[in-house]
Amino acid sequence: SSKQPGHDEL
Amino acid sequence: MNVFRLAGDMTHLISVLVLLLKIHTIKSCAGVSLKTQELYALVFSTRYLDIFTDFTSLYNTVMKLIFLGSSFSIVWYMRHHKLVQRSYDKDHDTFRHQFLVLPCLILALLIHEQFTFKEVMWTFSIYLEAVAILPQLVLLQRTRNIDNLTGQYVFFLGAYRSLYILNWIYRYFTEPHYVHWISTTSMFCVVLFCFGFTIFKWYLISVLLLTLSAWMSGFVQTLLYADFFYYYINSWKNNVKLTLQA
């Protein structure tokens, strides 16, 4: 699920 | 990571530190909404479910731990610390947070990218963060007199949202698959700004807007601050104590 856009944000 | 995102994270961090400073050193939480703080604790715990499973960077993990730790310790201080809880303005902080949590949960179950537990919870946290500030804004309106630290806390939170929007716009142009709704949303924002709604009308509109997309919610949250920013900048320009008009 971390590949979804925005998941690397806080 | 771009400069807007970094600046956004830093203002977010500053806002939390300002609040912790106020609570920890002055031992006062006057003007701070416990409801909003509880909602933020819920936002971070549902969003960071991937903290131990998906590693992005050391920066991300450390920041996640800071936001989780600070939000829960603020709630603990306001609920259980003898001196701090005495200054809590319980009678004015009456916003029913279940009215925010339930619609956000239903919305996340209906509108999401993937129907998995983690993904639905992540989406829920995005929706909830957009409206979590409402009890705080209502409390500010009711108490009228706002001390410097509370004002600065809300100011930095608003700055963080604005910088995140710049970050999304930047990513939209640099990462082609990043955002789809952004042009629609910014159009909505311009229209809404033109009408100059007050906080409570913003709330009704934001519930409507939330149904459109997860990206939208970030914009809505920033719009909620527009009213506050107006008074904050005015009080700063005229060098008078910050008060909000009903």
Side-chain angles (χ1 to χ4, degrees), chain A, chain B residues 1-2 4-6 8-13 16 43-44 47-51 53-57 59-68 112-123 125-126 129 160 163-165 167-168 171-172 175-182 213-215 217-218:
Chain A
S1 65
S2 62
K3 288 180 194 78
Q4 301 279 356
H7 281 52
D8 54 344
E9 290 172 354
L10 294 166
Chain B
M1 185 159 64
N2 61 70
F4 304 113
R5 156 84 199 278
L6 183 65
D9 285 348
M10 287 308 117
T11 43
H12 193 185
L13 189 63
V16 172
V43 163
F44 294 133
R47 185 173 309 167
Y48 299 157
L49 287 174
D50 62 353
I51 188 166
T53 54
D54 299 293
F55 181 78
T56 313
S57 64
Y59 171 85
N60 258 44
T61 308
V62 170
M63 290 294 270
K64 283 174 179 176
L65 286 171
I66 291 175
F67 287 134
L68 276 170
H112 47 254
E113 292 260 322
Q114 261 178 12
F115 193 65
T116 60
F117 179 70
K118 259 198 320 200
E119 186 62 23
V120 170
M121 284 295 105
W122 184 87
T123 314
S125 82
I126 294 290
E129 191 191 5
Y160 142 63
L163 287 160
Y164 252 64
I165 284 184
N167 155 55
W168 293 336
R171 292 188 75 169
Y172 175 68
E175 297 167 45
H177 304 295
Y178 188 67
V179 186
H180 311 286
W181 286 91
I182 209 149
S213 84
W215 300 118
S217 62

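Keep in mind the model is a prediction, meaning the values are calculated, not measured.
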Which bit of B:Asn60 comes within less than 4.5 Å of chain A, counting heavy atoms only: side chain, backbone, both or neither?
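For B:Asn60, the contact with chain A is made by backbone and side chain together.
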Can you say whether B:Phe44 sits under 4.5 Å from chain A via the side chain, the backbone, both, or neither, judging by heavy atoms?
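For B:Phe44, no heavy atom lies under 4.5 Å from chain A.
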Approximate separation, where rounding is to 0.5 Å, of A:Leu10 CG and B:Tyr48 OH:
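Interatomic distance, A:Leu10 CG to B:Tyr48 OH, rounded to 0.5 Å: 4.5 Å.
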Please round to the nearest 0.5 Å and tell me the distance separating atom CD of A:Glu9 and atom CZ of B:Arg47.
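A:Glu9 CD to B:Arg47 CZ: 9.0 Å, rounded to 0.5 Å.
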Output the option from B:Met1, B:Met63, B:Arg5 having the highest count of non-hydrogen pairs under 4.5 Å with chain A.
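Result: the option with the highest number of such pairs is B:Arg5.
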Quick one, B:Arg171 with A:Asp8, criterion salt bridge (charged side-chain N to carboxylate O under 4.0 Å, His left out). Give me CA distance, side-chain angles, the key distance, then yes/no.
CA-CA 12 Å; B:Arg171 292 188 75 169; A:Asp8 54 344; 3.0 Å; yes
